Protein chains: 2
Amino acid sequence: MKLALRKQKILAAVIEHYIATGEPIGSKSLQNTEGLDVSSATIRNELADLTVKGFLKQPHTSAGRIPTEYGYRYYVDNLMEPIKLDDRVKRYIENRLLSSSDAPEHIIKTAGAIASELIGTAALSTTPTGDNTRVHRIKFVQTGRHTSMLVLITSSGMVKSRLFRCDFDITPEMLNVFDRALNESLAGQPLSAVNRPFVQTFAASFGELGLLMPDMLTAVMDACKESLGTNVYTSGSTKLLYQNDFDLISARGVLEFLSDSDSRDKLLSGIPEGTTIYIGKENSHVLLRHSAVVATRYEIDNHPAGLMAVIGSTRFDYPKAVAILECIAEYTGSLIDELLSVRQ
Amino acid sequence: MKLALRKQKILAAVIEHYIATGEPIGSKSLQNTEGLDVSSATIRNELADLTVKGFLKQPHTSAGRIPTEYGYRYYVDNLMEPIKLDDRVKRYIENRLLSSSDAPEHIIKTAGAIASELIGTAALSTTPTGDNTRVHRIKFVQTGRHTSMLVLITSSGMVKSRLFRCDFDITPEMLNVFDRALNESLAGQPLSAVNRPFVQTFAASFGELGLLMPDMLTAVMDACKESLGTNVYTSGSTKLLYQNDFDLISARGVLEFLSDSDSRDKLLSGIPEGTTIYIGKENSHVLLRHSAVVATRYEIDNHPAGLMAVIGSTRFDYPKAVAILECIAEYTGSLIDELLSVRQ
DNA sequence: ATTAGCACTCGCACACCTAGAGTGCTAACG
DNA sequence: CGTTAGCACTCTAGGTGTGCGAGTGCTAAT
């Protein structure tokens, strides 16, 4: 729907006032809006119209107007102007990321923490998705007479380990043989390829020896499967409880949602590349019906990889959140790229 | 302070009623208490006395009595009877733990989740403390021309990784040399021994080559230092927001506390072996002033290692929490022992 | 199309009231 | 001297009533 210029101006003014203060605004206060030189009665007419069209609503008859979810959507799609981030903020983000320790997981965790801190709401960050990830290397470390640890390193620099036990004594030579054989056939394979058929073929090609170590092969499979899933880090979730435009039920709902890995992962995996905004009922999950999600994917090796996201009430400073998230995502991606020497 | 038998009976009855219902109880309802055959007037006298002595208090004049923190303390120390866990519950715990994947971190995380689920409040579980932990093995995996990953495996089965980069091309032979040298001098060392002096001595003994790799040695040190710290897993923290005897401020405080790793670790590291209960102001941290913590240490290789703890309002089913935590801690310890083959 | 004026609506804050629960005190009892 | 019955008292929760202020929608004039 195309709105007349004056209506757009009024809609933007209502939304920006509401985002800033959390209070409804009425026709009188709107007269002070820059470049809106009409009487309050005119504004009242426009407000009534915007309300009928579904962009605005009144909490109750004698209150001012606040945006509906539809209003926010229109604002996000048509009215909001992308803000340019202050250089100091950019430098702050870069420094914080650089001073986190040199493990990809740490960097990603820190990225989430920065987002939460700067945007002032709960933030999520995920390790890269496994789709483009391959097995980099598998290592064995003996831990006991019958037990050993398997360490899987993926092409995106993630590490997973598994303990397994055998019925017979493990010798270093044996581990060496397995080390060589496994890496020969697995290194470079996509993680998703390491499934039961693959492992069974591998074991078969190994003859009798292969049959001896079902536990080890299960461990390999397990580790690959787990690496295929992403780790999700949550930051600043208590901030939700301080947002006064968020009632306890909704805030609790979001917290509940965040701690339920199934529904959380379902949301996250559905987010496309670039920057995405879900407002209110646009979220498929019931618990997020009163919340907004702003998410963006960072890239590793020029491929969309993991996510940076913030989540809060629908009353959200969308322009700011988008700018900060995109900045963090960019730095995070290039920092990990650098560490993995993907960009030589 | 020694209390007369009848006073003890009344105190226990008040506390147990309050734990069960969350409601204050008055003299009349207390007459129904098993084995208390006196009039309500007599009970009123006793209640007044217990109130003066500080065991009980009234939310307001016309309400019944509820326990004070001091009352809870007396109950926990003198009155509460240890409950024997139902066999089905025990089996449930064991099965849940056995079906978690074979990585110590997973088991510990699951243990926390079970505790939260069965006790119905937030739970914490930690990986073993580093005090008795030694370096088991260090592995190198090349990730790029100038970058490599270091994987540290500790004697308690934990894995830490670090990426590092060098100014020159890394060769497999070089990594092999370092692998051998590092493991020769580090394997079996307590993690705490791997500090800067140690690393410098090591580098010096290596001559020129040692000077070439400051980043690698820093990575080793970092990884050891990080392994010295414990990982803390939180489960069911949203449950705090559903406890109706917990006002929003207190619940939020606890959540805040749980997400602040510094103060959280400070609490956890101060907990002795065995089972410990902190009630209200006994907690050193301000944010826990209205909460209770029940914690117990599990053992690995017969040494007190990590923690299982639950946290909630002071209105707490202490006997149940103690019984369940101790059961979980025991199974967790022996399961990890078994995986690490410490008990052959 | 815009504006001034005005009656109207509604939520909030506050005061007020009542019912019910539980108490402490007093005096009587064994 | 401990125990008990009786009673006046206190306090909270919850319901009702009222005035204020903000903001609206409508109408008639420009």
Side-chain angles (χ1 to χ4, degrees), chain A residues 2-11 13-18 20-68 71 244-245 247, chain B residues 2-11 13-18 20-68 71 244-245 247-248 315:
Chain A
K2 184 89 182 87
L3 285 182
L5 196 64
R6 193 171 65 192
K7 280 206 174 61
Q8 289 193 9
K9 228 179 231 166
I10 291 177
L11 179 56
V14 171
I15 293 182
E16 274 154 21
H17 173 272
Y18 186 65
T21 68
E23 298 293 325
I25 187 170
S27 51
K28 261 187 203 152
S29 324
L30 278 170
Q31 278 193 282
N32 302 324
T33 306
E34 184 84 15
L36 195 68
D37 295 317
V38 288
S39 77
S40 65
T42 309
I43 298 178
R44 271 205 292 287
N45 286 329
E46 298 284 48
L47 286 177
D49 209 39
L50 284 168
T51 306
V52 171
K53 291 204 169 80
F55 295 100
L56 297 177
K57 66 183 172 186
Q58 294 176 276
H60 53 262
T61 331
S62 70
R65 302 304 211 284
I66 60 173
T68 61
N244 44 11
D245 47 278
D247 58 314
Chain B
K2 184 89 180 90
L3 286 181
L5 198 64
R6 194 172 64 192
K7 281 205 174 59
Q8 290 193 7
K9 228 180 231 166
I10 292 177
L11 180 55
V14 172
I15 293 183
E16 274 154 20
H17 174 272
Y18 186 65
T21 68
E23 299 292 325
I25 187 170
S27 50
K28 260 186 204 151
S29 325
L30 278 170
Q31 278 192 284
N32 302 325
T33 306
E34 184 83 17
L36 193 68
D37 295 318
V38 287
S39 78
S40 66
T42 308
I43 298 178
R44 272 205 291 287
N45 286 330
E46 298 284 47
L47 285 178
D49 209 37
L50 284 168
T51 306
V52 171
K53 290 204 170 78
F55 294 100
L56 297 176
K57 66 182 173 189
Q58 294 176 276
H60 52 263
T61 332
S62 70
R65 303 305 211 282
I66 60 174
T68 61
N244 44 11
D245 47 278
D247 57 314
L248 177 60
R315 180 195 149 206

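For the numbers below, each heavy atom of this structure counts, side chains included, while hydrogens, waters and symmetry mates do not. Chain identifiers are assigned alphabetically (A, B, ...) following the order of the sequence lines, protein sequences preceding nucleic acid strands; residue numbering begins at 1 within each chain. From a predicted model like this one, the values you see are computed outputs, not experimental measurements.
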Are any side-chain N or O atoms of [X] and backbone N or O atoms of [Y], one a donor and one an acceptor, separated by less than 3.5 Å?
X      : Y      : answer
K9(B)  : L36(B) : no
S27(B) : I43(B) : no
Q31(A) : V38(A) : yes

Worksheet entry | Contact summary for E46(A) and K7(A), nearest pair of heavy atoms | OE1-NZ, 3.1 Å
Using atom [atom1] of [X] as one end and atom [atom2] of [N] as the other, report the distance to the nearest whole Å.
X      : N       : atom1 : atom2 : value
I43(A) : dC26(D) : CD1   : P     : 18 Å
E46(A) : dC26(D) : CD    : C1'   : 17 Å
I10(A) : dG23(D) : CD1   : C1'   : 16 Å
H60(B) : dT10(D) : NE2   : P     : 15 Å
K28(A) : dC6(C)  : NZ    : P     : 13 Å
D49(A) : dC26(D) : CG    : P     : 13 Å
Q58(A) : dC8(C)  : CD    : C1'   : 13 Å
Y18(A) : dG23(D) : OH    : P     : 15 Å

Worksheet item: Taking R65(B) as the fixed residue, which of T51(B), I25(B), L50(B) is the one that meets the side chain to side chain contact (heavy atoms under 4.5 Å, CB included) rule?
Response: T51(B)
Taking 4.0 Å as the cut-off, does a side-chain nitrogen or oxygen of [X] come that near to OP1 or OP2 on [N]?
X      : N      : value
R6(B)  : dT3(D) : yes
T42(A) : dT3(C) : yes
S39(A) : dT3(C) : yes

Measuring from the side chain of [X] (C-beta onward, heavy atoms only), which nucleotide among [options] has the closest atom?
X      : options                   : value
T61(A) : dT4(D), dT9(C), dT3(C)    : dT9(C)
R65(B) : dT23(C), dG25(D), dT24(D) : dT23(C)
R44(A) : dT3(C), dG5(C), dA5(D)    : dG5(C)
S62(A) : dT24(D), dT9(C), dT3(D)   : dT9(C)

Worksheet item: Which part of the nucleic acid does A63(A) contact within heavy-atom distance under 4.0 Å: base, sugar-phosphate only, or nothing?
Response: sugar-phosphate
Item to complete: Remember a base hit wins even if backbone is also touched, and classify S40(A) as base, sugar-phosphate or nothing at under 4.0 Å, heavy atoms.
Response: nothing
Worksheet, complete the sentence: Comparing N45(A) with S29(A), nearest DNA chain D nucleotide closer to 5' gives the residue S29(A)
